[in-house]
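These notes are about the structure you will find just below.
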Amino acid sequence: MATPSLLLLLADGRFPAGAHAHSGGLEAAVAAGRVTDLASLEAFLAGRLATAGLVGAAFAAAAHRASAAETAARSGALARLDAELDARTAAPALRAVSRRQGRALLRAGRAIWPDAPFADLPATPGGTHQPLVLGLLCAAAGLSRVETATIAAYGTLTGAASAGVRLLGLDPYQVQALLVGLADACDGTAADAARAADDPPERLPAAAAPLADIHAEIHATWEVRLFAS
């Protein structure tokens with residue numbers, strides 16, 4: 001049984017998994033003039049939660065579910081999940097970011113929970129997608145499937161919100177108030193994702209954001225940028 005402190009630890013942006021270096025696509029959206037103030041940041045975050053947030057949370061919850069299976073079944077389930085999430089990530093730049101963050105999270109997970117079944121993750125070039133690593137890590141920490149989905153959904157909001165303060169010079173207190181206003185939506189997304197995890201991998205959520213994919217590809221070509229994505 002996990003303690004509340006473990007939930008807070010894994011949801012903390014200071015957890016050593018490299019999330020602080022990513023803006024969740026906000027840097028490119030700001031440069032394109034699509035996010036300019038608090039209201040447009042709120043719209044951006046709501047859209048991100050409904051797309052990347054839902055998909056990532058569902059796959060994290062599904063990986064958490066797979067963690068309870070026997071070794072052979074777990075390995076096969078995680079390989080299917082990785083392939084399905086890859087198919088849902090249209091932009092090569094975003095696939096690379098997800099795998100890069102997965103490697104960083106896996107490094108932290110192995111140091112803290114060395115007995116977790118991380119060896120059953122697929123040996124995919126570039127590493128495993130971050131939500132799958134998160135699912136196994138949360139299971140090893142004793143968190144529930146809903147708690148796992150909550151961490152995943154929450155992470156899609158906080159990184160971009162923090163980047164908004166730096167990129168737009170927004171009042172951090174107002175940005176935090178914005179996040180409080182999105183808390184119910186975040187919890188609802190996590191609950192939906194946890195329920196969806198009972199479905200086979202090919203039926204998990206596939207909500208897309210084509211403009212975010214385009215922004216990610218453009219951002220990857222920049223020689224000078226504040227964030228890695």
Side-chain angles (χ1 to χ4, degrees), residues 13 15-36 40-41 43-60 62-63 78-108 121-135 137 151-168 189 193 201-202 204-229:
F15 190 78
H20 64 280
H22 298 268
S23 75
L26 184 67
E27 186 169 22
V30 168
R34 293 190 170 93
V35 179
T36 59
S40 52
L41 175 61
F44 176 90
L45 293 177
R48 182 164 168 73
L49 180 63
T51 53
L54 175 62
V55 173
F59 275 82
L78 291 170
R80 289 176 64 197
L81 288 169
D82 192 75
E84 288 291 336
L85 185 51
D86 210 56
R88 285 160 172 76
T89 311
L94 292 181
R95 290 198 295 271
V97 165
S98 179
R99 294 189 183 281
R100 190 181 311 129
Q101 290 184 311
R103 293 197 306 270
L105 185 60
L106 181 58
R107 182 178 179 183
L121 289 166
T124 311
T128 306
H129 282 295
Q130 189 266 0
L132 307 191
V133 180
L134 178 64
L137 191 151
I151 291 172
Y154 175 76
T156 64
L157 293 177
T158 55
S162 177
V165 174
R166 297 174 65 183
L167 291 166
L168 294 167
T189 297
E202 62 271 17
L204 290 175
L211 188 57
D213 294 333
I214 293 170
H215 280 168
E217 289 300 301
I218 293 172
H219 186 268
T221 68
W222 294 0
E223 293 186 6
V224 179
R225 53 191 174 184
L226 187 60
F227 293 95
S229 72

### Message
If I take atom OH from residue Tyr154 and atom CG from residue Leu49, how far apart are they, to the nearest 0.5 angstrom?
### Response
13.0 Å
Donor-acceptor list for residues 83-91 side chains, cut-off 3.5 Å, not counting sequence neighbours:
unit_1, atom_1, unit_2, atom_2, d
Glu84, OE1, Arg88, NH1, 2.7
Asp86, OD1, Arg99, NH2, 3.0
Asp86, OD1, His129, NE2, 2.9
Arg88, NE, Pro205, O, 2.9
Arg88, NH1, Glu84, O, 3.0
Arg88, NH2, Pro201, O, 3.4
Arg88, NH2, Glu202, O, 3.3
Arg88, NH2, Leu204, O, 2.9
Thr89, OG1, Leu85, O, 2.8

#### Entry: Atom of Ala60, atom of Ala152 and distance for their closest heavy-atom approach
CB-CB, 4.2 Å
#### Entry: CG on Leu41 to CG on Leu45, rounded to 0.5 Å
4.5 Å
### Query
What do you reckon, is CZ of Arg107 surrounded by more than 12 foreign heavy atoms closer than 6.0 Å?
no
### Query
Could you state the interatomic distance from CG (Leu132) to CG (Leu106), rounded to the nearest 0.5 Å?
11.0 Å
## Note on the structure
In short, Ala228 meets His22 closest at the heavy-atom pair CB-CE1, 3.6 Å
### Task
Taking the side chain as every heavy atom from C-beta outward, state whether Pro92 and Glu217 have any atom pair closer than 4.5 Å.
yes
### Query
Under the 3.5 angstrom rule, does the side chain of Thr36 hit a backbone N or O of Gly33 as a donor-acceptor pair?
no
### Summary
CG (Leu105) and CZ (Phe15) are apart, to the nearest 0.5 Å, by 6.0 Å
### Query
What residues form a ring-ring contact (aromatic ring centres under 6.0 Å, His included) with His219, not counting sequence neighbours?
Trp222
### Minimal non-hydrogen separation, Ala63 against Leu78, with atom names
CB-CD2, 4.0 Å
### Query
Do you know which two heavy atoms are closest between Val97 and Ser229, and how far apart they sit?
CG2-CB, 3.6 Å
### Task
Say whether, by atom type as modelled, one donor and one acceptor occur between the side chain of Ser162 and the main chain of Gly159 under 3.5 angstrom.
no
### Query
Short question: side chain of Arg48, backbone of Leu157 - any donor-acceptor pair under 3.5 Å?
no
### Summary
Tightest non-hydrogen contact, residues Ala93 and Ala220, listed as CB-CB, 4.0 Å
### Flag, side chain of Gln130 to backbone of Gln101, donor-acceptor distance under 3.5 Å
no
### Query
Closest approach of Thr128 and Pro122, non-hydrogen atoms and distance?
OG1-O, 3.2 Å
